[in-house]
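What's counted below: heavy atoms across the whole structure, side chains too, no hydrogens, waters or symmetry copies. These numbers come from a predicted model, not from an experiment. Sequence lines set the chain letters: A, B, ... in the order given, protein chains first and strands last, and positions in each chain run from 1.
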Amino acid sequence: MHRLPTWSKMLILALLLLVAAGFELALGPMNIPVSRLVPAAVLYFHGVRTPDAVVVGAIRLPRLLVAMLVGVGLSLVGAALQAIFRNPMADPGIIGVSSGGSVGAVVSIATGVASHGLWVSPLFAFFAGMLAMFAVYRLGTVGGKTSIYSLLLAGVAISALCGSVVTFLLSIEPTQTMQGMLFWIMGGLDNSSWVTSAMLCVVVGVATLVFSSCAKAFDIMSLGEEQAEGVGVNLQQMKRVTLFTSALTVGVMVSISGVISFVGLIVPHFMRMWVGPAHRVLLPASALGGAILMTGADVVARMALSPTEINIGVITSLLGAPFFLYLLRRQYSTIVRRR
Amino acid sequence: MTTLEMREVSYSPGIKRASEVFESGEFVGLVGPNGAGKSTLIRILAGIWRPDSGSASLDGVDIGLWKPRERARRIAYLPQSLPEDDVLFTVQEFVEMGRYPYRRSLGGMNRADSAAVSGAIHKLGLDSLVNTPLRRLSGGERQRVAIARCLAQQTEVLLLDEPISSLDLYYQIDILRLLQSLAKDGLLVVVAIHHLEFAAQYCSRLVLLKNGQIVGHGSPTQVLTERNMVEVFRTPVKTYVDPLQGSLRLSYGAPTDSD
């Protein structure tokens, strides 16, 4: 597999995404044959409202878009954070952005300000995510050095704190249902619509542009700060830009799809193994991989216990948590071996 | 003609009121015992650390005023730590990173970039390893790759922190001769170095550090005196001239405890 040229690997990923997308659009309470998907979508855009057209155009297509965009966003942010923290275990969920973002979103809903406009919740999620990430970063930095272990511990603590704040706010909310609570804790794609897709499109687009322009610096930073300083990488600027963009992207994503863990961890890691460490390739490969994983996970989440839907975060966590433990073990054993 | 100048530089902890002028064409060895401040001084000269007081300037301009990219086009810095042994990048990719200060954030390598990279790889004898990932290389090979990346930056100034410490005899001499010839071609090369006889043989000038202060500078024979060796390195030596090479040699006695 390693000998395949890069373009063919990208092609494979694109084809996998196409297959996953096909399943996502075709399967559901009402199965639609693949051959009728495109005509149904065309009909929908022409304003024709047959059952097929409505299911595909109004329900499944936006849901597919949200799944893909969230997957792309999480994976890009994961890859970027892994580069600047120089650690394969960095992930938006682990360093506090996601859980902070969920606090922001829930606060905006609980206080009622969210009803003032669609952008209010994402904005709250962005600032709270920033705040949480900043707290984790500061707590994890001792004497000017950011150790990954203190960072992880600080992330666990802040995430737990944020989780309890979310649970508290939701439990005093009289109209809250159990399903609604689960949404904020495990993530879900029930908020999918053309409007939320468009919002995601904007922030994921921004993240793509920003991170692409940082690709060369990411390569160098992934080797360590000492190595990066000599060749003129502006470390402070890169960190600031990356953290800000990550918080923005994740904040908006959390306000739409809740906290979805481990996608940003798993995908870049696998892609690094498969396409190599250069971010010029790693970033697009991770984007595709994230879209595949999220779309696939959503198909499983919707179909496994059909007609009951599982929260998509359950699926990603089931995949991700063992993988995270494996990484932790491996990194620990590397350190032990080096001593 | 390039002049790198430190004026009354202090950096806490480590450097106390150090002043020195380095000029292009020189191959300067920073010598001194562990903890004397060699690495700190190199970092300050490279503009990576700002001095607490005093100034470091290149051609009269304070190094701290430059943006990192502009600085990296004029000064290359080799950190003491090697690239780690888990790096997946190939030699080619790693050396290409030396072109970072010249390249646009999007877009590929131009002809000058490619020429600089392949020239640097060739000078360090790494041609056969271009497509090998760094994690498959020995420590000495990784050190040479790191030096190649510095050369790929095509700077007027090379600041190398212990460039030969993990190399075998062949490559120690090979690298020192390479640096010597680069200095002859007009570069300013400053190295922190522990191997005093090599320093004496290849460097055009030595700067001696002790407890963060410059306590001697000049030609190897002026600096590596029997008195300095006892006072700074706590090691009595007899110096003599190598009859074959004509360069300074040291015959070591037992280290002393006196300071």
Which region of [X], side chain (C-beta onward) or backbone (N, CA, C, O), has a non-hydrogen atom less than 4.5 Å from a non-hydrogen atom of chain A, or is it both or neither?
X      : result
B:R99  : neither
B:L78  : neither
B:R69  : both
B:E96  : neither
B:L82  : backbone
B:R149 : side chain

Select one option (side chain, backbone, both, neither) describing which atoms of A:A215 are under 4.5 Å from chain B's heavy atoms.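 Neither the backbone nor the side chain of A:A215 comes within 4.5 Å of chain B.
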
Atom OH of B:Y102 with >12 non-hydrogen neighbours under 6.0 angstrom: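 More than 12 within 6.0 Å, yes.
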
Do other residues, nucleotides or ligands put more than 12 heavy atoms under 6.0 Å from A:R280 CZ?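 Counting neighbours around CZ of A:R280, 12 or fewer heavy atoms of other residues, nucleotides or ligands fall under 6.0 Å, so no.
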
How close do A:S213 and B:S105 get, counting heavy atoms only, and between which atoms?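 That closest heavy-atom pairing would be O-CB, 3.2 Å.
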
Contact listing (chain B partner; residues 285-297 of chain A; heavy atom under 4.5 Å):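 None at all.
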
Using heavy atoms and a sub-4.5 Å threshold, report which of residues 220-233 of chain A line up against chain B, by residue number.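 Counting heavy atoms that sit under 4.5 Å from chain B, the residues of residues 220-233 of chain A involved are A:I220, A:S222, A:L223, A:E226, A:Q227, A:E229, A:G230, A:V231, A:G232, A:V233.
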
Do A:D219 and B:M97 make a side-chain contact, defined as non-hydrogen atoms from C-beta onward lying under 4.5 Å apart?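 Yes, side chains in contact.
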
Among B:Y77, B:Y100, B:F94, residue most engaged with chain A (heavy-atom pairs, under 4.5 Å):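 Greatest number of close heavy-atom pairs with chain A: B:Y100.
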
Sort out for me which of B:G98, B:P83, B:A152 touches chain A most, counting heavy-atom pairs under 4.5 Å.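 So the answer, after comparing B:G98, B:P83, B:A152, is B:P83.
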
How many angstroms lie between CZ in A:R86 and CD in B:E84, if you round to the nearest 0.5 Å?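 Answer for the CZ-CD pair, A:R86 versus B:E84, is 4.5 Å.
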
Sequence neighbours excluded, which residues qualify as side chain to side chain donor-acceptor pair (under 3.5 Å) partners of B:H195?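 Partners of B:H195 by the side chain to side chain donor-acceptor pair (under 3.5 Å) criterion come out as none, since no residue qualifies.
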
Contacts table for residues 10-17 of chain A: side-chain donor-acceptor under 3.5 angstrom, sequence neighbours left out:
none

